[in-house]
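Structure record follows, encoded as structure tokens.
Worth saying up front: this structure is predicted, and the values here are computed from it rather than measured.
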Amino acid sequence: MTTGLSDETSSGDNKVNIVVIGGGIIGCTTAYYLSRHPRYSPETHSVILIEKTRLAGGASGKAGGLLAQWAYPASIVPLSYSLHAELAAEHDGRRSWGYRSIRCGKITAQSREQSATSGIAPLSRLLQQLATWVPLGKVKELTKDAGNITEASIPEDLDWFRQECIEKYEDIAPEQGTAQVHPYQFTLMMAKLAAEKGVKILFGAVEEIVYATSEASAVLDTQSMRKVHSVRYVDRRSTARAESISADFVVIAAGPWTPQLFPSVPMNALRAHSVTIKPSRLTSAYCLFTEIRRRVTSPAYSFPGASPSDEFESTVCPEIYSRPNNEVYIAGSGDDRVPLPASTDEVEVDREACQLIEEALVNISDELRLGTITGRRACYLPTVDLPSGNPLVGPTWIEGLLLATGHSCWGIHNAPATGKLISELVFDGRPMSADISTLDPRLVI
């Protein structure tokens, strides 16, 4: 099957039309690299990015922004880490989206003070939240090799934690690189830079990808005989009937909403909550994976048979990222209690899930306790329902249809590599910068 451009490939307007669906970090970065490919020309190519609600409205605008050489999948992580550095150098990423190196460690701590609960509903709700605390998986690869984590003394500049609460500090992969970006700022800048090169950004709901019979295919399987023809969408500013955009290539980068457009993709949506705090003073640059044990005390009237001395010890594992704009980002657990809504605008924030994050920190950091909460957020991570957990990056059995989705908790890190590789698939017909055979969507759909 031919994947890339040929001299004969063009739409009715004599341009090669490339449509990217999804205005998150994957879609915007893909648009950026399509507009930077050596064969791209706005005179002969049309790149259109379609977003249903707003750019970075989902996880791309609510994630932590960690970049790590020990992320997964290994096939694209090194490439993406290098591309992040190149983008920052070329476009002043330090100023534009908070790019910087950051020390990464793991803290084991004990909250020395007890948290009291009152009433049956709050206590039962708290216990339910604790019982369903699902880590977001960023230390998945590190735990396979204990040698990657080295116990060390508490760093002197990690002075925004109460020292008496810290039981152990460990450096994570000290020989490998760790950096960070502000995901929302990065995504918007990728879109802006793409638009400056001629990419058109539309806001509307894609109703359908229209297919035609592929003349190039000689196989009997009906799906393999199809090719993309056009994309039908309804402009957000209008209630008129759907408009049709001719397409030679369609890239689905719709995150957890991908199955709405391509139902055969095996994908789940994991909801994640986060809180941002402006600390009482500037904090040093750390990304911290934590394991915090805390005691919850129940008043006697909270449930039958309880006494004032009844205690429940729980362990929570928030991820804490200090940002250069005097903000600290804290990620909580994942859950699947609420199904994926129709769009990013309809994502519900569970106030009690955010409260659990906040309560885990107030007794171990005075700077966070005395700080100002600037945001409580929720988003859905696209997780591929496969043992590997790898994203799907590459062509499908439908000519001209490519997937760039399923990046789970590492979408921010892997966005540049994904975008660059998709641009190579479109313009060169094959990935040039990395071997992504294990990410091929045709293996699972």
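- In terms of modelled atom types and a separation under 3.5 Å, the side chain of Ser111 and the main chain of Asn363 share no donor-acceptor contact.
- A distance of 4.5 Å separates SG in Cys104 from CZ in Phe289, rounded to the nearest 0.5 Å.
- To the nearest 0.5 angstrom, Ile245 atom CD1 is 4.0 Å from Ile50 atom CD1.
- Residues His91 and Ser96 have side chains that never bring a donor and an acceptor to within less than 3.5 angstrom of each other.
- Heavy atoms from other residues, nucleotides or ligands lying under 6.0 Å from CD of Glu346 number more than 12.
- Defined by atom type and a distance below 3.5 Å, a donor-acceptor pair is present between the side-chain atoms of Glu424 and Ser433.
- Atom CD of Glu156 is surrounded by 12 or fewer heavy atoms from other residues, nucleotides or ligands within 6.0 Å.
- Lys106 contributes atom NZ, which lies 13.0 Å from atom CG of Asp171 (distance to the nearest 0.5 angstrom).
- Here the closest non-hydrogen pair linking Val316 and Ala360 is CG2-CB, 3.5 Å.
- Looking only at distances, no side-chain donor or acceptor of Glu399 sits under 3.5 Å from a matching main-chain atom of Asp248.
- Across every non-hydrogen atom of Val338 and Arg271, the tightest pair is CG2-NH1, 3.6 Å.
- Under the side chain to side chain contact (heavy atoms under 4.5 Å, CB included) test applied with Ser280, the options Asp366, Leu368, Leu370 reduce to a single match, Leu370.
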**Request:** Determine, step by step, whether Ile209 and Ile21 satisfy the side chain to side chain contact (heavy atoms under 4.5 Å, CB included) criterion, reporting the C-alpha distance in whole Å, the side-chain angles of both residues, the deciding distance to 0.1 Å, and the verdict.
**Result:** CA-CA 10 Å; Ile209 301 172; Ile21 302 175; 4.1 Å; yes
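- Using a distance-only test at 3.5 Å, with no hydrogens or angles considered, a donor-acceptor pair links the side chain of Gln180 to the main chain of Ser322.
- Atom OH of Tyr40 is surrounded by more than 12 heavy atoms from other residues, nucleotides or ligands within 6.0 Å.
- A pairwise comparison of heavy atoms in Ile26 and Gly411 identifies CD1-O, 3.8 Å as the closest pair.
- Between the side chain of Ser388 and the backbone N or O of Asn390 there is at least one donor-acceptor pair closer than 3.5 Å.
- Note that CG of Leu87 is 6.5 Å distant from CG of Leu83, once rounded to the nearest 0.5 Å.
- The minimum heavy-atom distance linking Tyr72 with Ser408 is given by the pair OH-OG, 4.4 Å.
- When only modelled atom types and interatomic distance are considered, Arg103 and Ser284 share no side-chain donor-acceptor pair under 3.5 Å.
- With Ser75 contributing its side chain and Ile436 its backbone, the two residues share no donor-acceptor pair below 3.5 Å.
- Applying the side chain to side chain donor-acceptor pair (under 3.5 Å) test between Gln355 and each of Arg351, Glu352, Glu359 identifies Glu359 as the sole match.
- Annotation: the span from Lys197 atom NZ to Arg36 atom CZ amounts to 5.0 Å, rounded to 0.5 Å.
- Remark: the Thr405 side chain and the Thr258 side chain contain an N/O donor-acceptor pair separated by less than 3.5 Å.
- For Lys62 (side chain) and Gly57 (main-chain N/O), a donor-acceptor pair under 3.5 Å exists by modelled atom type.
- Under a 3.5 Å cut-off, the side chain of His407 and the backbone N or O of Ile412 do not form any donor-acceptor pair.
- Interatomic distance, Ile18 CD1 to Leu34 CG, rounded to the nearest 0.5 Å: 5.5 Å.
- Of the possible donor and acceptor atoms, none in the side chain of Ser264 sits under 3.5 Å from a partner among the backbone N and O of Ile445.
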**Request:** Check the pair Gln69, Val77 against side chain to side chain contact (heavy atoms under 4.5 Å, CB included), reporting the backbone distance first and the verdict last.
**Result:** CA-CA 6 Å; Gln69 287 279 34; Val77 163; 4.3 Å; yes
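- When every heavy atom of Pro259 is checked against every heavy atom of Val265, the shortest pair comes out as CG-O, 4.0 Å.
- A side-chain donor-acceptor contact under 3.5 Å links Thr187 to the backbone of Pro183.
- Evaluated for a ring pair (Phe, Tyr, Trp, His ring centres under 6.0 Å) with His84, the options Trp97, Tyr99, Phe186 yield exactly one hit, Phe186.
- Side-chain contact annotation: Ser437 with Asp435, donor-acceptor N/O pair under 3.5 Å present.
- Aromatic ring orientation, Tyr321 versus Tyr329: parallel (interplanar angle below 30°, classes split at 30° and 60°).
- With respect to Arg376 and Glu358, a salt bridge is recorded, a charged nitrogen being found less than 4.0 Å from a carboxylate O.
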**Request:** Would you sort out whether Asp335 and Ser333 count as a side chain to side chain contact (heavy atoms under 4.5 Å, CB included), showing the intermediate values?
**Result:** CA-CA 7 Å; Asp335 72 78; Ser333 66; 5.5 Å; no
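- Thr29 places a side-chain N or O within 3.5 Å of a backbone atom of Ile25 that can act as its donor or acceptor partner.
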**Request:** Show your working on side chain to side chain contact (heavy atoms under 4.5 Å, CB included) between His37 and His45 and close with a plain yes or no.
**Result:** CA-CA 11 Å; His37 192 280; His45 305 98; over 6 Å; no
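- Judged by the 6.0 Å distance and 45° axis criteria, Arg39 is not positioned over the aromatic ring of Phe427.
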